[in-house]
Structures are given as C-alpha cells and as structure tokens.
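See below for the structure under consideration.
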Amino acid sequence: MAVGLGSVWSLLLTALVIHLAAPLFGKSESTAVGDAVSQQSIQCEKYDHMCDPSRQHCPTVENCTGLSELPQQCYASWMNNSDGIKFVFKGCWVGDSCVGQKECVLKSNRASVKFCCCEGMFCNRHVNYSVSHVTTTTPSTPTVIRKQGGAQLIRTVMYSIVPLFGFAFIIVVVFWMWRRHQRSYNSHEPLPTVDPAIPTTPSETALYPLQLIELRARGRFGSVWKAQLWENYVAVKIFPLQDKHSWSVEQEIYNLAHMKHDNILNFIAVEKRGDNLNVELWLITEFHELGSLADYLKGNTVTWTEMCKMAESMALGLAYLHDEIPAGKGREAKPAVAHRDFKSKNVLIKSDLSACIADFGLALKFEPGKSPGETHGLVGTRRYMAPEILEGAICFNRDAFLRIDMYACGLVLWEIMTRCSALKAEEYQLPFEEEIGLHPTLEQMQDLVVVRKVRPAIKDHWLLHPGLSLLVSTVEECWDQDAEARLSAGCVQARIAQLARSVNISTSTSNLIQPSQIVVVPSGELPPKDAPSL
Ligand code: ADE
C-alpha cells in the first residue's frame, strides 16, 4: 500500500515538473512527452545570404514538417570575418547528427565555413562558437559570444536550471521506483542497432557537413552515395584506404586547369574521414539523379532526338578530355587526358538527358615534354578493352591511348543505339553480352575481339534507315581493328551533330522513323574522318 501511494505521489510530481518545464522548452504539453511527436512539427530560423529582401521575399522561418522521416533539426552556417560572423545559411537539417543537442554548437573549427546543428524549435537562432567534442590544438573562442539583454539572460538561466532540476528530480524518482519494483521488473528494451552498411561520418575530421542518404553504386573503387551538403544533393565516392592511388589520380585530373566543362562531371572537393585506423577517402562531385548511362538504358528507351543528344554530348565531353589546350597569355595549359576506363557505367546522365564523363581514377595526362607516368597497358574493364590491349601490346603513346578510348566509345554508342525507340528497341544488353555473357574472361575476350575480330551485332533493319546507317558507320569507324583508322572524339561529335540536324523527324507522328521523315545530306558533306586531335 505504502509503495503504491509512493508511486502515485511520485508520478504526480513527475507530471507536475514536466508540465512546468514544457513551456520553457517552447513545447506544448503533449509534445514535451515524446520527442518523436515534437520532431514532426519543428520550425527553424531560415536565412540565405544570397536572398536579397529588396528584390524578393526572403522567408525567415522554415517549417521542417514532411522533409524526411529522419529526425528534424535546425542548422546554421557562417563565416568569421573581421567584424564578427556572417551567416551563410540557416534552415531545417535532416538527419541525426545533432540528436539531443539543444544549442547550435560549432561542430568543427577547421573549415572556413562553420557549421552547427541542433534539435528544438528555432534552436539555430543563435550559435555557439565553442568547438564541441573536438580536440583541437588551436585555442577555441569563448562560449556564446552573442549579446544578451537582462531578460534574455534570466530566461536562458531559467531554461538551463529549471529543466536540469526537473530532470534530476525525475531521475531520482524513477530510480527510486525502479529500486522498489526491481524484482518484478523484467522487460528489456533492445538497444538501438547501428546499421553496419551505412558509413559513419565522424565530425572530427569533417570539413563539410555531409549527410549520406542513399547508396547509389558500387564500383571497383568503393561506393558512390547520394548525400546532402547544405541545401544541395551531391555525390560522395568513398574509396577504401588501399585505393588511395585512384583517389589521388582522380582528384589530380579534376584539378587540372580547364577541367570545368558541361560534359565532364563537376568536381566539388575531397576529404579524408575517420581516424588513423579506419580512414576513408571521399571525393565529392555534383550529383545526377538519373545515374549512369548503363542504368538509364536498362530502364528506358530513347527517342531519336534523345539518342542524338546523349551521343553528341558524350562525344563532346570525350573530345574535350582528349584535347590539349596550349598555355596562352595568362592562361594555363590543359594537357590531353586519356580516360582508360571509358564505358557506359562511367558516363552519367544529367536531368536534360545530356551526358557527362566521370570516374577518372585510371586516367593519364600527357603534358608536353613530360613522361605520363605509369602507362601499364592492361587496365580498364575487360569487356571494353581494345584489341591492342587484349593482345598485350606495350609502350603506348598519347595517341594510342586516345584511340583505345575511341574503341570503347564505339561500344557505348552501340549500347545507346540498341535502345533507340526509332528502331525496334531491344532489351538492354552490355556489349558482347550476347556473345559471351556477363563475366567474360580475358581469354574469351582475346579470342572474340583479337582472333575472331567480332563486334556487337548491327541488325539489318538499322541499315534500312538512312540516318541510322550513318550512325552505324560512325560506330564501326570507332571500333576499327586498325587503331589508326579510328575516328577522333571531335569527329564523332561533329558527325552526330550534323546527323541530328539533317535527320528531320516529325514529332507529331509515331516514334518510329519513317523513311519519308528523314532528310539526309550527301555523305560528302559529313565532317572528315581525319581526327582533329589524333
Ligand atoms: N553514380 C556515380 N557517380 C554519380 C553521380 N555523380 N551522380 C549520380 N550517380 C552517380
């Protein structure tokens, strides 16, 4: 009886404390009871340094409801300048990196753009500059540098002390109840589990506040994740430590002068994550929702116009990569770059269905007068290897490497053609999948491509269409057995551009090209086969 009365009394006290503390947290009675409920209705202060209130509406509040299933939090980012700090962004933050953190406390002091996140209504209104959980050798700036009025100070003290006492009281009461009832207390809540498949993103070494959202691809060199950085999606390619060389090569290629191009994947940054024992190497690039060309073709057919756009933009990207830009007045030189692993998985499709080239972990740059470094021949993906690589030839020079890319480019163009709805589109298959399946050995590839000189099938009905037959001849000139007879990427791009212009298809009729819909220019007007850059 005494125990029962005690329990009721302590429950009443607990309810009273929660009731008193709730308004101090800015929560209603019901939301103070469970965080899960409060997370659904959180609001954060909103700020965007790019928004000009004299020209547009700049919201100051963001409603986080419905952004994600993940816990909802607020964040702020800012830069230090001579006058203090300048905010960059504020808003809702989706994730669980700041669960339980009521104040927006600086996460890492290493990046020029500072970042904090926190949980609770408008908790990003003020930021706390002191570094949280970070051991740093640089002296940290004092805690909370904002100015506070007297009333606000009292409120802040109340906010911290009253809930503290309340919680201490609750803990004592709960402990007391637990001690009294421990003999009959049998239920055990399972601990929350950590999904080992999801990489951790320790903030100690992080420069960028990245949130990994979804695994998008697994490749030879680690995995590619869709991630969130500030208010944008980005792609994060995670290399294990043993693939450090590919990570270094890839960033070196992206950092060459003049590597910004519409048809080359846009590079953002690199960083090292984790501690000494468990280092991961991250490479951050622009994210393209449609994924790789291989993925896209697996799930979609393409119209004649889409095919021309994809093929032309891909060839343009490859031509740009292959081209050398000489140094000029105040302009740095761009060396010619060979990709060395060109394939439909390494071409990404942008939202307008143009293509961009990615994955430069095996690339080689050719700076005039300098050795290109390691030029070991047998690299790349077997299925896409040119006959001269499969034959084991060595001592390739710059042009030989560019021609090897062009052989693979021919195979990728064939993949796009097989999915063109202007023809009878076939099921998507990789090049040579029909001939040797999904896991060809080196010996099988050598027999097929070098000895028997087989190439992917060109169906008879493709040649019935004058426009497509021109594309077929371009593809065949890319994968010629004689490397020196192959087209350059610049020439392929010019041919496809002309083909797209000259083959006039009425979109009001069916997708299938009728011979009457095709206007073909005389072949003499096609750009010459001579390679501009080879
Ligand atoms: N797969 C590999 N890289 C990618 C990227 N940058 N965007 C989307 N999917 C990808």
Side-chain angles (χ1 to χ4, degrees), residues 68 94 197-199 201 207-240 243-256 259-271 273 280-300 302 306 309-310 313-314 316-318 320-321 337 339-363 380-381 383-384 405 408-409 411-412 415-416 419 428 430:
S68 162
V94 176
I198 298 182
T201 60
L207 290 174
Y208 294 89
L210 282 160
Q211 296 190 301
L212 301 183
I213 295 172
E214 186 192 346
L215 179 64
R216 293 297 291 241
R218 261 186 209 288
R220 189 189 349 209
F221 301 117
S223 47
V224 178
W225 287 76
K226 177 180 181 176
Q228 193 181 341
L229 176 64
W230 311 125
E231 290 170 317
N232 299 312
Y233 289 128
V234 293
V236 177
K237 189 166 165 188
I238 301 181
F239 299 71
D243 291 326
K244 187 169 187 181
H245 183 69
S246 301
W247 177 73
S248 306
V249 170
E250 187 151 14
Q251 62 175 295
E252 187 194 353
I253 298 290
Y254 277 123
N255 281 319
L256 289 171
M259 276 297 282
K260 287 261 172 286
H261 187 273
D262 277 352
N263 307 112
I264 302 241
L265 179 61
N266 209 1
F267 169 73
I268 298 173
V270 285
E271 71 176 42
R273 292 263 175 155
E280 281 174 346
L281 307 166
W282 289 23
L283 188 132
I284 306 150
T285 62
E286 208 168 356
F287 176 75
H288 296 294
E289 186 63 53
L290 295 177
S292 73
L293 174 62
D295 291 338
Y296 188 82
L297 294 177
K298 248 176 247 168
N300 304 275
V302 288
E306 288 166 354
K309 186 169 191 175
M310 279 179 188
S313 54
M314 177 182 84
L316 189 58
L318 193 57
Y320 188 79
L321 188 70
V337 175
H339 190 286
R340 296 209 301 169
D341 195 18
F342 196 77
K343 56 180 175 178
S344 51
K345 260 195 156 181
N346 290 341
V347 174
L348 299 175
I349 298 301
K350 305 212 253 185
S351 54
D352 65 354
L353 296 191
S354 64
C356 67
I357 300 176
D359 217 319
F360 297 97
L362 287 173
T381 304
R383 183 181 298 282
Y384 290 86
D405 279 351
C409 178
L411 297 181
V412 176
E415 288 175 67
I416 305 175
R419 299 293 284 155
Y428 174 73
L430 286 164

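Please read all numbers here as calculations on a predicted model, not as lab measurements. Every number for a ligand or one of its atoms is a count from 1 in the order of the listing.
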Any atoms of ligand 1 less than 4.0 Å from a non-hydrogen atom of Thr285? List them with their elements.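 With Thr285 as reference, the close atoms of ligand 1 come out as 6 (N).
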Enumerate the atoms of ligand 1 whose separation from the nearest heavy atom of Phe287 is less than 4.0 angstrom.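 In order of number, 7 (N), 8 (C).
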Can you see whether Asn346 engages Ser292 through a side-chain donor-acceptor pair at a distance of less than 3.5 angstrom?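 No - no donor-acceptor pair under 3.5 Å links their side chains.
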I want to check something: taking the side chain as every heavy atom from C-beta on, are Val270 and Tyr254 in contact at a cut-off of under 4.5 Å?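 No. Closest side-chain heavy atoms not under 4.5 Å.
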Would you check the N or O atoms of Glu286, main chain and side chain alike, for any that come under 3.5 Å of an N or O of ligand 1?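 Among all N and O atoms of Glu286, at least one is under 3.5 Å from an N or O of ligand 1.
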Does the pair Asp359/Lys345 count as a salt bridge with the N-to-O cut at 4.0 Å?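 So Asp359 does not pair with Lys345 through a salt bridge.
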What residue and atom, counting heavy atoms only, is the protein's closest point to [atom], and at what distance?
atom: atom 10 (C) of ligand 1; result: Leu348 CD2, 3.8 Å
atom: atom 2 (C) of ligand 1; result: Val224 CG1, 3.6 Å
atom: atom 9 (N) of ligand 1; result: His288 O, 3.7 Å

If you round to the nearest 0.5 Å, how far is NZ of Lys350 from CG of Asn266?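 Between atom CG of Asn266 and atom NZ of Lys350 there are 8.0 Å.
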Relative to each other, are the rings of Phe239 and Phe221 parallel, tilted or perpendicular (30° and 60° limits)?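 The arrangement is parallel - the two ring planes meet at less than 30°.
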